[in-house]
Amino acid sequence: MKTLRFRLPDLPQVRQFVEEEARGAGMPEDAIPDFVIAVNEIATNAVTHGTSDGRVRLWVDGGEIVVEVHDDGTWKPGPMPGSVGGMGLWVARMLALDLSLRVGDHGSTVVMRFPGKG
């Protein structure tokens, strides 16, 4: 399991980290851009709606790539009525095989699953 801690200015490194890890895990090249977009959306939420720092972990499970993004905040999912933006969680849900969100006293955690080896 690989882990990267990040803050808002580190989002380019988050994208590079997950791209390299996905490629190393055998994700098909044509699936990597959508994977990176989904992770970037959730990582951005973590450091803009949660707390100033977050953590992304990535591992392979049963042929799927699993990504977990965690922050210590309690951001609320989904756009507010009339808002511009706020679609990151929705975008990530559309790109992932599965997405779960846990919000509680110990922060917010999003876990996404993606197809692994092609």
| query | In chain order, what residues pass the side-chain hydrogen bond (donor to acceptor under 3.5 Å, both in side chains) check against Asp105, with sequence neighbours excluded? | reply | none
| said: I'd like to know if the side chain of His70 and the backbone of Ser108 have a donor-acceptor N/O pair within less than 3.5 Å. | reply: yes
| Arg102: side-chain hydrogen bond (donor to acceptor under 3.5 Å, both in side chains) partners, not counting sequence neighbours | none
| Can you name the residues that form a side-chain contact (heavy atoms from CB on, under 4.5 Å) with Ala92, not counting sequence neighbours? | Ala38, Ile42, Leu99, Met112
| task | Identify the two heavy atoms, one from Val69 and one from Ala46, that lie closest to each other, and give their separation to 0.1 Å. | result | CG1-CB, 3.9 Å
Side chains of residues 5-14: which donor-acceptor pairs under 3.5 Å do they make with residues two or more places apart or in other chains?
from, atom 1, to, atom 2, distance (Å)
Arg7, NH2, Ser52, OG, 3.4
Asp10, OD2, Arg7, N, 2.8

| task | Keeping to residues at least two apart or across chains, list the salt bridge (Lys or Arg N to Asp or Glu O under 4.0 Å) pairs with something in residues 28-52. | result | Arg23-Glu29
| What residues form a side-chain hydrogen bond (donor to acceptor under 3.5 Å, both in side chains) with Glu68, not counting sequence neighbours? | Arg55, Arg57
| Shared hydrophobic cluster, Val47 / Val103 (ILVMFWY, side-chain heavy atoms < 4.5 Å) | yes
| request: Sort out for me which residue in Val36, Thr3, Val39, Val56 forms a side chain to side chain contact (heavy atoms under 4.5 Å, CB included) with Phe17. | output: Val56
| Least distance between heavy atoms, Ala25 atom then Val60 atom | CB-CG2, 3.7 Å
| Euclidean distance, Arg15 CZ relative to Thr44 OG1, rounded to 0.5 Å | 7.0 Å
| field | Pair listing, ring pair (Phe, Tyr, Trp, His ring centres under 6.0 Å) test, anchored in residues 91-113, at least two apart | value | none
| message | Taking side-chain hydrogen bond (donor to acceptor under 3.5 Å, both in side chains) as the definition, give me every residue that meets it alongside Glu64, ordered by chain and number, with sequence neighbours left out. | response | Arg113
| message | Is there a path of hydrophobic side-chain contacts, each under 4.5 Å between heavy atoms, that joins Val66 and Leu97? | response | no
| message | If I take atom CZ from residue Phe35 and atom CG from residue Asn40, how far apart are they, to the nearest 0.5 angstrom? | response | 11.5 Å
| request: Could you tell me the separation between the CD1 atom of Ile32 and the CD atom of Glu20, rounded to the nearest 0.5 Å? | output: 10.5 Å
| note | To the nearest 0.5 Å, atom CD of Gln16 lies from atom CG of Leu4 at 10.0 Å
| ILVMFWY cluster, Met27 and Trp59 together (side-chain gap under 4.5 Å) | no
| query | So do the side chains of Ile65 and Leu58 get within less than 4.5 Å of each other, counting heavy atoms only? | reply | yes
